[in-house]
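The structure appears below as structure tokens.
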Amino acid sequence: MSPDHGPLLYEGKAKRIFAADKAEQVIVEFKDDATAFNALKKSQLEGKGKLNCQISACLFEMIEALGVRTHYLGIADENWMVAERVKVIPLEIVLRNIATGSLCKETPIDPGTELKPPLLDIYFKDDGLADPLLTDARLELLGLVSAEQRIEIETISRRVNELLKGFFEKVDLLLVDFKLELGINQLGELLVADEISPDTCRIWDMRTNDPENRILDKDRFRKDLGRVVDSYAEIHKRVQGISSKPRNYS
Ligand code: TMP
């Protein structure tokens, strides 16, 4: 069921953002749409939106409880979230604990190599340019963030990585890598925005060593491994085991 909301403000590949009654808030709908490879591959996965919304809510609440500011305010319905309105910085911050994915396509680093310290990669969020990897010099040239914000983004992202890794390990899940987006609220504060879900993280099941069965995230969709929603449900089940029920917001 859709909660009361104002006009559509923005539609992304996996979410729609609507105006809320209060100007400083938005209502976020998590869609069942799945895309990969810059939307070259598309599908509908029934139940994905609800699972990503609920998993994100649990994870946002857990990192907030440990001092990380996020845009999350609460759940409005199964696949609807209320969030603080922020200006999203068009950067995708990727933290990698284990080498896989594009890192292994673009460099000779062996898949499975443990990255210590975790590798931070910053991409320019622009579908038309296929989200290119930025150097620090290019990031500075683009002028999207100040030097202080660049440092703060790295500090927040590394802290989120340590927290998420710790939560997931408690329920035998390995955080391989993930992507964060940050936004700036009306007070000029940096907040973790977007979502933290199996769409935006690589998460492996530590209860098996099988290289395909252990994948519980969107790589199942990218690689046509099947059981995508079942795997997201497994992550949800385990995350529920270490978190309280997400708060309702009305
Ligand atoms: P990559 O190895 O393909 O660069 O992906 C790194 C991480 O970022 C992985 O957890 C998946 C996530 N990711 C997104 O959330 N959105 C994207 O558009 C891409 C390419 C990756």
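In each ligand, atom 1 is the first atom listed, and ligand 1 is the first ligand listed.
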**OP:** Take the angle between the ring planes of Trp80 and His5 and call it parallel below 30°, perpendicular above 60°, tilted in between.
**Re:** parallel

CD1 of Ile242 to CD of Glu169, rounded to nearest 0.5 Å, is 10.5 Å

closest protein heavy atom to atom 1 (P) of ligand 1 is Ser102 OG, 3.4 Å

With a cut-off of under 6.0 Å to the ring centre and 45° to the axis, is Lys41 in cation-pi contact with Phe221? yes

Gly101 heavy atoms within 4.0 Å reach ligand 1 at atoms 2 (O)

| task | For residues Glu46 and Val229, determine if any side-chain heavy atom of one lies less than 4.5 Å from a side-chain heavy atom of the other. | result | no

So for Arg96 against ligand 1, with non-hydrogen atoms under 4.0 Å, the contacting part is side chain

Check: Does a side-chain heavy-atom distance below 4.5 Å link Ile75 with Cys53?
Finding: yes

Ranked by distance from atom 17 (C) of ligand 1, the top protein heavy atom is Glu92 OE1, 3.9 Å

CD1 of Ile196 to CE of Met62, rounded to nearest 0.5 Å, is 10.5 Å

When distances are taken from atom 15 (O) of ligand 1, the protein heavy atom at minimum range is Lys179 CE, 3.1 Å

Check: Are Ile93 and Ile122 close enough that some pair of their side-chain heavy atoms sits under 4.5 Å apart?
Finding: yes

Under 4.0 Å from one or more heavy atoms of Phe178, ligand 1 contributes atoms 10 (O)

With heavy atoms and a 4.0 Å threshold, my read on which part of Asp199 contacts ligand 1 is backbone

of all protein heavy atoms, closest to atom 10 (O) of ligand 1 is Asp177 OD1, 2.6 Å

| Is the count of non-hydrogen atoms from other residues, nucleotides or ligands lying under 6.0 Å from Glu154 atom CD greater than 12? | yes

Per-atom filter on ligand 1: closer than 4.0 angstrom to a heavy atom of Cys201 are 10 (O)

among protein heavy atoms, the one nearest atom 5 (O) of ligand 1 is Arg202 NH1, 3.5 Å

Worksheet item: Got a protein heavy atom sitting under 4.0 Å from atom 20 (C) of ligand 1?
Response: no

Short version for Lys13: what comes under 4.0 Å of ligand 1, heavy atoms counted, is neither

Inset, instruction - Show the numbers, then the answer: is there a side chain to side chain donor-acceptor pair (under 3.5 Å) between Asn97 and Glu114? - result: CA-CA 6 Å; Asn97 296 307; Glu114 205 181 331; over 6 Å; no

If we number the atoms of ligand 1 from 1 as shown, the ones under 4.0 Å from a heavy atom of Tyr123 are 4 (O)

Flag, side chain of Glu61 to backbone of Arg247, donor-acceptor distance under 3.5 Å:
yes

Within 4.0 Å of some non-hydrogen atom of Arg222, the atoms of ligand 1 are 11 (C)

At under 4.0 Å between heavy atoms, what of Phe37 touches ligand 1? The answer is neither

